[in-house]
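Data first, discussion second: the structure below is written as structure tokens.
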Amino acid sequence: MEQGLGSDSVPVSGSDDKSRVLNVKPLRCLVPIFPSNPGGMSSISSPQASPFVCVPPAGPFPPGVSPVFPFVIPTEQQQNPQTPFAAPLNQAGPSIPSPVPITSFRTPTVQTNGTIGSSKRSSKGSARGSSQRKTKSGNMTSPHDVDIDAVANDFLTSFNLVRFEPAKLSDGDKESVRYLIMAYNLLRRRIAQVEDSEEATPGVTRRPDLKAGSILMNKKGVRTNMTKRVGAVPGVEVGDVFFFRVEMCLVGLHAPIMGGIDYMSFKISLDEEPVAVSIVSSGSYEDNDEDGEVLIYSGQGGVLRRDGNLMDQKLEKGNLALEKSLHRGNEVRVIRGVRDEASPTRTAKVYLYDGLYKIVESWVEKDKSGCNVFKYKLVRGAGQPEAYTLWKSIQQWKSSDSTSRVGVILPDLTSGAERLPVSLVNDVDHEKGPAHFTYFPTLKYPEPVDSRQPSSFSCSCRDGCHSNDLNCPCIQKNGGYLSYTSLGVLLSYKTLIYECGPSCLCPPNCRNRVSQAGLRVRLEVFKTKDKGWGLRSWDPIRSGAFICEYAGDVIDTSTKESGNQDSYIFDATRTCEPVELMPGNADDSQKIPFPLVISAKEGGNVARFMNHSCTPNVYWQPVLRDESYLHIAFFAINHIPPMKELTYDYGLVQSGKPEPRRKNCLCGSLKCRGFFY
DNA sequence: TAGATTCAGAAGTAT
DNA sequence: ACTTCTGAATCTAGT
């Protein structure tokens, strides 16, 4: 068991002094360069304070340093001086690049194809979008008093730039489904971010999921798989995960926004009769699942009414459709709703697409209160990939020390260094573990933290930073918004995120310290078939969620020969192929402040096991803490099902820099460029 | 802190 | 117009 990883390879559990295991390599040769702009940052950093090359966020950059864009940003929409909150921000610190406010992206002239907000929804008496919200807050003009419709319009304007093929409206494919889900989540998170910065109205439930859903549902040419069908839905694979019901509507997996049974009418000679096409089993009825391949599903209706009366279920609508499907023998898609364990909110749910089932039996039961309830027994079709059963296995691994599982080498390769264990598994061959390395969970700068001067930009939010507090300097640095949701999900993509740092007075659980709070999902290092060791997650990961940072030793690139021969190098100066065309509120003026190269050869965390892919599901994001500590944080690009390998794009070396040895890429994607460094 | 309850919510179906 | 296995906020019962 301890052949590959000697007992000395892992730090002793509970050792607080992580620096003990750190092989410190001081950076002496970098000449400090400081912002030349008057005021602002120059006042906070003395030449002795930081050994790093500091450049103003707007550049210029030292040779070889380039801005990093994980996503393409529409360029024509930048720099509009008409910004409602440019003034307070500029007062706070002239050196802080003025954020591009979302209102500056407004495109009032572009009314060509169906702008939202004005047409359908407002005319239908539900004109609650912007006007109602404004009256709610009265005369108090919030600094964030931003029109949600405008946000959505900006978003859709960018969205229209996508090469979206109309053929996919009726028949989707994997790429369009993936893109649509990602677009939905970006919009939803953006709306949530804007709403969150406004003061909460007591008693009003915010539903950014429905708002974003409504906008995309009503936008022509956005949805896919719009024609209902029996059986598989193109572009949706068994095992795919969804985090909101609306997502499944958008991609045509399950049309009812709340209803559990989706059905369509099927022509039989002259008559039409309904057949069920998909069901969602959320566990709030008394469904029970015997072994994961069988589902006992309760019909709809008959639940406790508002008037207190209980009713028998009727053989109509969905119930009738299920009955007809039993006799017809057609396949029914099954979606299993389960609790999202990674989410701190206890009610959060994940929907697993569990593939095709057939109804084999139906009967009527009396429930606890004596009312008739229809029951349907569904059996899963053979030969489909594991989905719900896999989820059930994982629940078992979590509860039973995973001893039952084959291939487990170590239950926790971090020996407690992370807040969650990380298992080490090999079920493909006999290798007993990766080469020796020291596990530590964070990035190691060669200079101790306490020798640095506290930044005057640190905050004093003792209860944690909140996005409606515009006096918080950490909020200001992020363009006036908090970058994360309460779930630790990144709200919008930026080239640089400012987190609270060591000198901030906010607590460790501050919402602006997401990348410092440690792992939130259960990860495991596993042996891949052909790419050595890799990383994957037991928990489903929602789009935008923080996964981990890249831990390792910060490398002095001026003395070391670019350090690129080390296969555990993370080079933040590399550029990435744009992942997707992203709607832009990314701020062009914010750049990576200094070149950062990390080596995780001697030591590091789970990130060192993440493989390269040309179509990745994870991307990296520079995060600056306290103006001087740059870190690399990894976030999910789209929803990631359990046990799917986590990959990111290793990027391309800047032209002019020495190119490391190329390796053959085995990612297997259509867009594979054939190699990586 | 975790479970239970409340309540607005929007699309699809049926009337 | 009506239904609906949502989902967030609030309330309640427990330690």
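This one's a predicted model, so the numbers in the text were calculated from it and none came from an experiment. The sequence lines fix the lettering, A, B, ..., with proteins before strands; numbering per chain opens at 1.
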Just how far, in rounded Å, is [atom2] of [N] from [atom1] of [X]?
X        : N      : atom1 : atom2 : answer
A:Met258 : C:dT3  : CE    : P     : 13 Å
A:Tyr263 : C:dC5  : OH    : C1'   : 15 Å
A:Phe244 : C:dC5  : CZ    : C1'   : 17 Å
A:Ile191 : C:dA8  : CD1   : P     : 13 Å
A:His254 : B:dA11 : NE2   : P     : 15 Å

Once you round to the nearest 0.5 Å, how far does NE2 of A:His466 lie from CG of A:Asp196?
-> 5.0 Å
Heavy-atom donor-acceptor pair, A:Arg513 side chain to A:Gly464 backbone, under 3.5 Å = no
Is any side-chain N or O of [X] closer than 4.0 Å to OP1 or OP2 of [N]?
X        : N      : result
A:Asn218 : B:dA11 : yes
A:Lys349 : C:dT6  : yes
A:Lys228 : B:dT13 : yes
A:Arg188 : C:dG7  : no
A:Tyr376 : C:dC5  : no
A:Tyr351 : C:dG7  : yes

Comparing A:Glu316 and A:Arg245 on DNA chain C - which has the more 5′ nearest nucleotide =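 Result of the comparison: A:Glu316.
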From C-beta outward on [X], which listed nucleotide comes closest to its side chain: [options]?
X        : options               : result
A:Tyr297 : C:dT6, C:dG7, C:dC5   : C:dC5
A:Arg223 : C:dT6, B:dG12, B:dT13 : B:dG12
A:Arg207 : C:dG7, C:dC5, B:dA14  : C:dG7
A:Ser214 : C:dG7, B:dG12, B:dA11 : B:dA11
A:Met217 : B:dA11, B:dG9, C:dC5  : B:dA11
A:Ala255 : B:dG12, C:dT6, C:dG7  : B:dG12

Considering every strand shown, what is the Watson-Crick or G-U wobble mate of C:dA1 when both distances are under 3.5 Å?
-> B:dT13
In the strands shown, is C:dT10 matched to any nucleotide by a Watson-Crick or G-U wobble pair with both distances under 3.5 Å, and which?
-> B:dA4
A:Gln313, A:Lys375, A:Glu365 screened by side chain to side chain donor-acceptor pair (under 3.5 Å) with A:Ser298, the one that passes | A:Lys375
So among A:Arg229, A:Glu331, A:Lys228, A:His254, which one has a side chain to side chain donor-acceptor pair (under 3.5 Å) with A:Ser278?
-> A:His254
Nearest-nucleotide check on DNA chain B, A:Ile257 vs A:Arg339; residue mapping nearer the 5' end is A:Arg339
Hey, which of these two, A:Thr347 or A:Leu210, hits DNA chain B nearer its 5' end, going by closest nucleotide?
->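 Checking each residue's closest nucleotide, the 5'-ward one belongs to A:Thr347.
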Quick one: are A:Leu186 and A:Arg190 in side-chain contact, heavy atoms under 4.5 Å?
-> no
A:Asp463 atom CG: more than 12 heavy-atom contacts under 6.0 Å = no
